[in-house]
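Data block below; observations after.
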Amino acid sequence: ICGITALVGLIMGIVALVKINRSGGRLSGQGLAIAGICVSAFMLLVSIPFMAGLTLPALARARHRAQVFSQSTPQQRMQTIHCVNNMKQLGLAVRVYAVDHNDQLPSAATWCDAIQSNVGSPKVFQCPSEPDRRCSYAFNAKLDGKKDSEINPQTVVLFESDAGWNGTGDADNLKPHQHSSRTVIVALADGAVMQIPRSKLDTLRWEP
């Protein structure tokens, strides 16, 4: 289990081997202790690259977010956090709509109208850096009429845009908000909300 049991097995195997050697022949099981040490050591070595593969990307993302935050003002940081929370609520509202409508996502042309009842406040549609805009987000037009279960989890569902209420489109309609000059916030089909560096926008998936 991520190397945890291997570490425990290695320690217990060493302890057992030491006790057996000190017992003067009263305790047996030396072969089992050695086998336990060998197997545990092997599994520990195997799990290290696996754990590194899981943690290093997460650490890189955290470091990138820290760098972005350090280069923004306190107001911009608060606006970014608020915008991320908005996107999470809207993404959840879209999924709730799908649950209530036979797995069908809302129509791209009327998505704001469709999920209003699933959103706590109209302000959720507004980015704090653009308070005069009724809706600061757009719906991926390529998901129009699609079923939630048929969409790749990494597909963009919602994204920052100036398309307005019931705004829809694709990568060409993506417009980063004023609170960040380096990243763009998107909501994916699996419910995740991500801050994508502008230099990596071409890695986003728009097709279902």
Look only at the side chain of Arg22 and the backbone of Lys19, and say whether a donor-acceptor pair between them is shorter than 3.5 Å. no
Are Ile151 and Val186 linked, directly or through other ILVMFWY residues, by side chains that come within less than 4.5 angstrom of each other? no
Is any side-chain heavy atom of Glu160 less than 4.5 Å from a side-chain heavy atom of Cys83? yes
Supply the atom-to-atom distance Leu158 CG to Phe139 CZ, rounded to the nearest 0.5 angstrom. 6.5 Å
Geometric class of the His177/His179 ring pair [parallel <30°, tilted 30-60°, perpendicular >60°]: perpendicular
May I ask you to decide whether Glu150 forms a salt bridge with Lys147, counting only side-chain N to carboxylate O separations under 4.0 Å? no
Can you check whether Gln126's main-chain N or O pairs, donor with acceptor, with Asn86's side chain at less than 3.5 Å? yes
Check the side chains of Asp113 and Asn166 for a donor-acceptor pair under 3.5 angstrom, ignoring hydrogens and angles. yes
Return the minimal non-hydrogen interatomic distance between Gly13 and Ala33, and the atom names on each side. O-CB, 4.0 Å
Which pair of non-hydrogen atoms, one from Asp144 and one from Ser107, has the smallest distance, and what is that distance? OD1-CA, 3.4 Å
Taking the six-membered ring for Trp, are Trp206 and Phe159 closer than 6.0 Å centroid to centroid? yes
Search all heavy atoms of Ala141 against all heavy atoms of Ala108 and return the closest pair with its distance. CA-CB, 4.2 Å
Compare every heavy atom of Val124 with every heavy atom of Tyr137, then report the nearest pair and how far apart it is. CE1-O, 3.7 Å
Hey, does the side chain of Asn102 reach the backbone of Gln104 with a donor-acceptor pair shorter than 3.5 angstrom? no
Spell out, yes or no, whether Leu188 and Leu143 are grouped together once hydrophobic residues are joined by side-chain heavy atoms under 4.5 Å, including indirect joins. no
Answer yes or no: is there a side-chain heavy-atom contact under 4.5 Å between Gln195 and Val184? no
Without hydrogens or angle criteria, can the side chains of Ser161 and Asn173 be said to hold a donor-acceptor pair below 3.5 Å? no
Check for me, please, whether Ile185 and Leu201 land in the same ILVMFWY cluster - side-chain distances under 4.5 Å, paths through other members count. no
Salt bridge or not between Glu207 and Lys142? Use side-chain N to carboxylate O under 4.0 Å. yes
Hydrophobic clustering (ILVMFWY, side-chain heavy atoms < 4.5 Å, transitive) - are Leu32 and Leu27 grouped together? no
Is the CD atom of Gln75 crowded by more than 12 outside heavy atoms at less than 6.0 Å? no
Holding to salt bridge (charged side-chain N to carboxylate O under 4.0 Å, His left out), I want the full list of residues that pass it with Lys146, two or more places apart in sequence or in another chain. none
Any chance the rings of Phe125 and Trp165 have centres within less than 6.0 Å? yes
Hey, does the side chain of Asp103 reach the backbone of Ala98 with a donor-acceptor pair shorter than 3.5 angstrom? no
Tell me, yes or no, whether the heavy-atom count around Ile34 atom CD1, taken from other residues, nucleotides or ligands under 6.0 Å, exceeds 12. yes
Side chains of Gln30 and Asn21: is there a donor and an acceptor less than 3.5 Å apart? yes
Nearest heavy-atom pair of Ala189 and Asp148: which atoms, and what distance? O-OD1, 4.3 Å
Assigning hydrophobic clusters by single linkage (Ile, Leu, Val, Met, Phe, Trp, Tyr; side-chain heavy-atom cutoff under 4.5 Å), is Leu174 placed with Val193? no
Short side-chain to backbone donor-acceptor contact, His82 and Met78, under 3.5 Å: no
Less than 4.5 Å apart, any side-chain heavy atom of Arg198 and any of Pro176? yes
